[in-house]
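The block underneath contains the structure these notes are about, expressed in structure tokens.
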Protein chains: 2
Amino acid sequence: MTLMERRTPDRRKQVIEAASRSFAAFGYKATTMDQVAKAAGVGKGTIYTFFANKEELFEEILKDLIRELRAVAEETVNHTLPFADNLMQVLQRVLGYRDRHALVAKLSQEVRDLGTPMAKEGLEAVERSIIAYIANHLEEPMAKGEIKRADPQLTAYMMLKMYLALTAEGSHLHAPLSAEEVLAHFRFYCIEGLAVR
Amino acid sequence: MTLMERRTPDRRKQVIEAASRSFAAFGYKATTMDQVAKAAGVGKGTIYTFFANKEELFEEILKDLIRELRAVAEETVNHTLPFADNLMQVLQRVLGYRDRHALVAKLSQEVRDLGTPMAKEGLEAVERSIIAYIANHLEEPMAKGEIKRADPQLTAYMMLKMYLALTAEGSHLHAPLSAEEVLAHFRFYCIEGLAVR
DNA sequence: GAATTGACCGGATTGTTATTTTGGTCAGTT
DNA sequence: AACTGACCAAAATAACAATCCGGTCAATTC
């Protein structure tokens with residue numbers, strides 16, 4: 001096995017890992033193919049045997065990120081528990097996923113500062129995928145009557161927006177909230193609502 | 001009166017109105033002081049007898065906008081009605097306030113496309129002022145037990161974010177919603193919550 | 001003489017051209 | 001057959017010139 005790895009090291013994997021680090025550290029635009037090749041210990045041409053261009057390489061990295069988030073969610077969800085509990089659990093785990101967030105954070109900054117179209121599209125793809133995932137998992141509790149019936153797509157969208165409002169965006173209006181505060185507030189505003197019962 | 005207007009036309013008002021139109025039509029950066037002076041039928045120097053610089057002129061226009069929104073809200077609110085009803089009424093009126101929205105829309109676009117710092121600060125000022133206003137008007141219904149107790153500042157912030165998610169931002173994910181849909185969804189997500197009662 | 005004006009100034013912005021960087025290729029090496 | 005890196009054209013950046021615009025103030029008007 002060690003010998004085999006020596007003989008045929010997995011170039012593709014090397015490339016993906018180097019690229020992943022580079023995109024997270026420098027963003028889309030500032031990551032050069034020469035750089036990735038160097039970091040991967042690979043000739044530049046080799047990259048192009050696996051990926052048609054920089055764009056496709058980037059999309060692969062994003063797919064990995066989405067896959068990973070989905071996996072984290074999947075292994076956290078417990079279908080015997082109430083919907084709200086699952087939602088909270090998943091959010092808590094995703095919140096703690098700092099390192100993987102680095103790519104998202106860097107891309108967000110790049111969109112703000114440089115406006116790189118590719119970074120913007122990438123973030124939108126991640127966002128769409130998260131919304132689709134949540135929307136999917138909304139249908140069961142709705143059918144079961146655990147939560148009210150509503151357009152799952154729109155509901156998932158609103159959930160994400162509220163989550164982001166509590167974590168990322170609102171930094172300049174309310175002091176950064178702790179993970180527990182985020183969870184408590186999310187439950188309060190999103191699930192329970194302001195109306196008295 | 002007509003004669004008096006002829007004799008001492010209100011230069012300050014002329015300037016403010018011309019500037020207001022120009023900021024709404026072209027944004028902060030693309031509005032030049034020469035242009036404003038021309039449109040106001042006034043020498044450029046005159047502007048500087050009322051406003052120290054372009055920035056102050058802009059801030060005055062924003063103050064006017066905020067004052068106007070506040071006035072619309074104030075004359076709509078009926079303290080004998082339930083909180084949720086008032087909220088809906090005010091939203092409905094603000095939603096229909098197309099002309100005044102023009103300035104906000106233009107500034108939003110300018111922040112997106114040009115990143116003009118002054119436009120960004122201006123929008124944030126408007127946002128802060130709206131949040132402060134809502135927060136103020138949350139305390140009474142909270143005290144009366146009409147809605148649940150919570151940090152008014154944060155609650156107001158979440159309300160605005162939800163409103164914006166339903167109207168402005170979400171254009172690329174859900175088709176633009178009609179005014180009625182926005183109101184219905186806002187009531188659903190913000191007031192009632194997803195939990196079944 | 002108070003209010004108003006517009007030519008004028010310098011710093012910022014925009015347009016232009018020269019230089020460098022970088023995504024992608026492919027002849028040659030291993 | 002897998003892999004490499006010198007090479008190319010196009011895109012990005014830097015350097016510089018030309019223009020624009022916020023702000024001032026001496027001259028003008030009322």
Side-chain angles (χ1 to χ4, degrees), chain A residues 3-20 22-23 25-62 110-111 113-122, chain B residues 3-20 22-23 25-62 110-111 113-122:
Chain A
L3 271 179
M4 191 197 151
E5 273 175 1
R6 280 264 178 84
R7 282 179 180 289
T8 58
D10 191 345
R11 312 280 195 194
R12 194 169 194 279
K13 198 171 190 179
Q14 287 170 259
V15 169
I16 286 186
E17 276 170 9
S20 192
S22 184
F23 282 131
F26 310 116
Y28 179 80
K29 193 178 168 191
T31 289
T32 74
M33 296 303 261
D34 275 318
Q35 207 178 87
V36 172
K38 266 286 183 50
V42 145
K44 192 160 54 148
T46 303
I47 301 178
Y48 289 89
T49 63
F50 301 118
F51 306 98
N53 49 41
K54 188 180 178 182
E55 217 167 293
E56 275 195 14
L57 175 58
F58 182 59
E59 278 160 14
E60 185 62 36
I61 305 292
L62 286 181
E110 192 175 356
V111 171
D113 301 352
L114 287 302
T116 318
M118 206 57 215
K120 192 176 173 184
E121 281 174 39
Chain B
L3 272 179
M4 192 196 150
E5 274 174 0
R6 279 266 178 85
R7 282 178 182 288
T8 58
D10 191 345
R11 311 281 195 192
R12 194 170 194 278
K13 197 171 189 178
Q14 288 170 257
V15 170
I16 285 185
E17 276 171 9
S20 192
S22 184
F23 283 130
F26 310 117
Y28 180 80
K29 193 179 168 191
T31 289
T32 74
M33 296 303 263
D34 275 317
Q35 206 178 86
V36 172
K38 266 285 181 53
V42 145
K44 189 160 56 151
T46 304
I47 300 179
Y48 288 89
T49 64
F50 302 118
F51 306 98
N53 49 43
K54 188 181 177 182
E55 216 166 296
E56 275 195 14
L57 174 59
F58 182 58
E59 279 160 15
E60 185 62 37
I61 306 292
L62 286 182
E110 192 176 356
V111 172
D113 300 351
L114 288 301
T116 317
M118 207 57 215
K120 192 176 171 183
E121 281 174 40

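The chains referred to below are lettered A, B, ... by the order of the sequence lines, with proteins before strands, and numbering in each begins at 1.
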Starting from the 5' end of DNA chain D, give me the residue, A/K44 or A/K29, whose nearest nucleotide shows up first. A/K44
Closest nucleotide of DNA chain D for A/D34 versus for A/G43: which of these residues is on the 5' side?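 Final value for this comparison: A/G43.
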Residue-phosphate contact under 4.0 Å: A/R11 side-chain N/O, D/dC3 OP1/OP2: yes
Starting from [atom2] on [N], measure out to [atom1] on [X] and report it in whole angstrom.
X      : N      : atom1 : atom2 : answer
A/K38  : C/dG23 : NZ    : P     : 14 Å
A/M118 : D/dA11 : CE    : P     : 17 Å
B/R12  : C/dA2  : CZ    : C1'   : 18 Å
B/Y28  : D/dC21 : OH    : P     : 14 Å

Per B/M33 side chain, nearest of listed nucleotides D/dG22, D/dC3, C/dG23: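 The answer is D/dG22.
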Treating [X] as the side-chain partner and [Y] as the backbone partner, does any N or O pair qualify as donor plus acceptor under 3.5 Å?
X      : Y      : answer
A/E110 : A/Y28  : yes
B/T116 : B/A119 : no
A/T31  : A/G27  : yes

Looking at DNA chain C, which of residues 45-61 of chain A put a heavy atom within less than 4.0 Å of it?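 Residues of residues 45-61 of chain A under 4.0 Å from DNA chain C: A/G45, A/Y48, A/N53, A/K54.
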Just do the side-chain contact (heavy atoms from CB on, under 4.5 Å) check on B/F51 and B/V15 with the steps written out, would you? CA-CA 10 Å; B/F51 306 98; B/V15 170; 4.1 Å; yes
Mind jotting down which residue pairs meet the salt bridge (charged side-chain N to carboxylate O under 4.0 Å, His left out) criterion with at least one end in residues 51-60 of chain A? Sequence neighbours excluded, please.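 For residues 51-60 of chain A: A/E60-A/R67.
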Passes side-chain contact (heavy atoms from CB on, under 4.5 Å), A/I16 versus A/R12? Steps please. CA-CA 6 Å; A/I16 286 186; A/R12 194 169 194 279; 3.6 Å; yes
